[in-house]
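Heads up, the thing below is written out as structure tokens.
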Amino acid sequence: MRLLEGQIIKISVIGAGAIGGNLARKLGEAGHDVQVADARGPEAVAPDVLETGARAVALADAVKDRDAVVLAIPFGVAGQLADLFASVPAETVVIDTSNYYPHLSGRIEAVEDGAIECVYTSELLGRPVVKAWNAALAGTQRTKGVPAGTPGRIALPVAGDSEEAKRVAMRLVDDTGFDPYDAGALADSWRQQPMAPPTAPS
């Protein structure tokens, strides 16, 4: 997907909680065409999530005719969306924001045994993903984003195997008020996992 600088991007955010709500508001404010979907239905999307122009849609509609889909869902549930994404074009950029917290998602043996979180999510979903926004708490995302060039602007890592998909994700991170940092391939995304070790996991 080749996007010109300044071009409006058609985005769906799946998940309307704290992270998804933040991103829907920020990306809508930046002028993008934003849809929001919740597994409980469009009526479950809070009105404040839509205050900058995002539209609530059904889950099945969220992946149709989109340039990018942002997954703001609990870690480990991406497999439940595999059938939904089976017909999504390969050029659609899929961005994962999740982190593995065993006390929230339950213990996942594959990750405990060393699987890289975002690689695991990609395998569950059955397609490549880009990792972004996971290195900032919801409160940071909501209150600390500032215009490009602002001194002290917070940088957020973005990892992925497709340079074009990563470029799209980095532009969106920038549009939400943070300096995007190219963190390399998806296999290197362990560095941006919570409590990541200082060296690569064995």
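- Contact detail for A185 and D161: the closest heavy-atom pair is CB-OD1, 3.4 Å.
- Judged as a side chain to side chain contact (heavy atoms under 4.5 Å, CB included), and not counting sequence neighbours, the contacts of V57 are Q35, A37, D61, A62.
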**Message:** Walk me through whether N134 and E117 qualify under side chain to side chain contact (heavy atoms under 4.5 Å, CB included).
**Reply:** CA-CA 11 Å; N134 73 300; E117 293 175 13; 5.6 Å; no

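- The stretch residues 142-170 participates, sequence neighbours left out, in no ring pair (Phe, Tyr, Trp, His ring centres under 6.0 Å) pair at all.
- For residues 15-57, the set of pairs meeting the ring pair (Phe, Tyr, Trp, His ring centres under 6.0 Å) definition, not counting sequence neighbours, is empty.
- With sequence neighbours left out, T121 forms a side-chain hydrogen bond (donor to acceptor under 3.5 Å, both in side chains) with no residue at all.
- Evaluation of the ring pair (Phe, Tyr, Trp, His ring centres under 6.0 Å) test over residues 132-155, restricted to residues two or more places apart or in two chains, returns none.
- Applying the ring-ring contact (aromatic ring centres under 6.0 Å, His included) criterion to Y120, with sequence neighbours excluded, gives F75.
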**Stepwise side chain to side chain contact (heavy atoms under 4.5 Å, CB included) test for V129 and C118** = CA-CA 8 Å; V129 300; C118 202; 3.4 Å; yes

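- Among residue pairs with one or both ends in residues 147-159, those qualifying as side chain to side chain donor-acceptor pair (under 3.5 Å) are R153-D174, R153-D179; sequence neighbours excluded.
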**Prompt:** Given the rule in the side chain to side chain contact (heavy atoms under 4.5 Å, CB included) test, do L71 and L125 qualify, once you have shown the distances and angles that lead to the verdict?
**Reply:** CA-CA 11 Å; L71 299 178; L125 197 62; 3.8 Å; yes

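- With sequence neighbours excluded, the residues forming a salt bridge (charged side-chain N to carboxylate O under 4.0 Å, His left out) with K166 are E163, D182, listed by chain and number.
- Residues V130 and V94 fail the side-chain proximity criterion, which asks for heavy atoms closer than 4.5 Å.
- Side chain of S122 to backbone of R127: a donor-acceptor contact under 3.5 angstrom is found.
- At distances below 3.5 Å, not a single donor-acceptor pair connects side-chain atoms of R142 with backbone N or O atoms of L23.
- With sequence neighbours left out, K144 forms a salt bridge (charged side-chain N to carboxylate O under 4.0 Å, His left out) with no residue at all.
- The side chain to side chain contact (heavy atoms under 4.5 Å, CB included) test applied to D48 returns R25, A46, E51, not counting sequence neighbours.
- A search for ring-ring contact (aromatic ring centres under 6.0 Å, His included) contacts involving Y181 returns nothing, not counting sequence neighbours.
- When the salt bridge (charged side-chain N to carboxylate O under 4.0 Å, His left out) test is applied to R40, the partners found at least two apart in sequence or on another chain are D38.
- Between L59 and I14, some side-chain heavy-atom pair lies under the 4.5 Å cut-off.
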**Request:** Before giving the answer on side chain to side chain contact (heavy atoms under 4.5 Å, CB included), spell out for V93 and R167 the whole-Å C-alpha distance, their side-chain angles and the decisive distance to 0.1 Å.
**Result:** CA-CA 10 Å; V93 178; R167 187 176 70 85; over 6 Å; no

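- In this structure, M170 is a member of the same hydrophobic cluster as F178, with clusters built from ILVMFWY side-chain heavy atoms closer than 4.5 Å.
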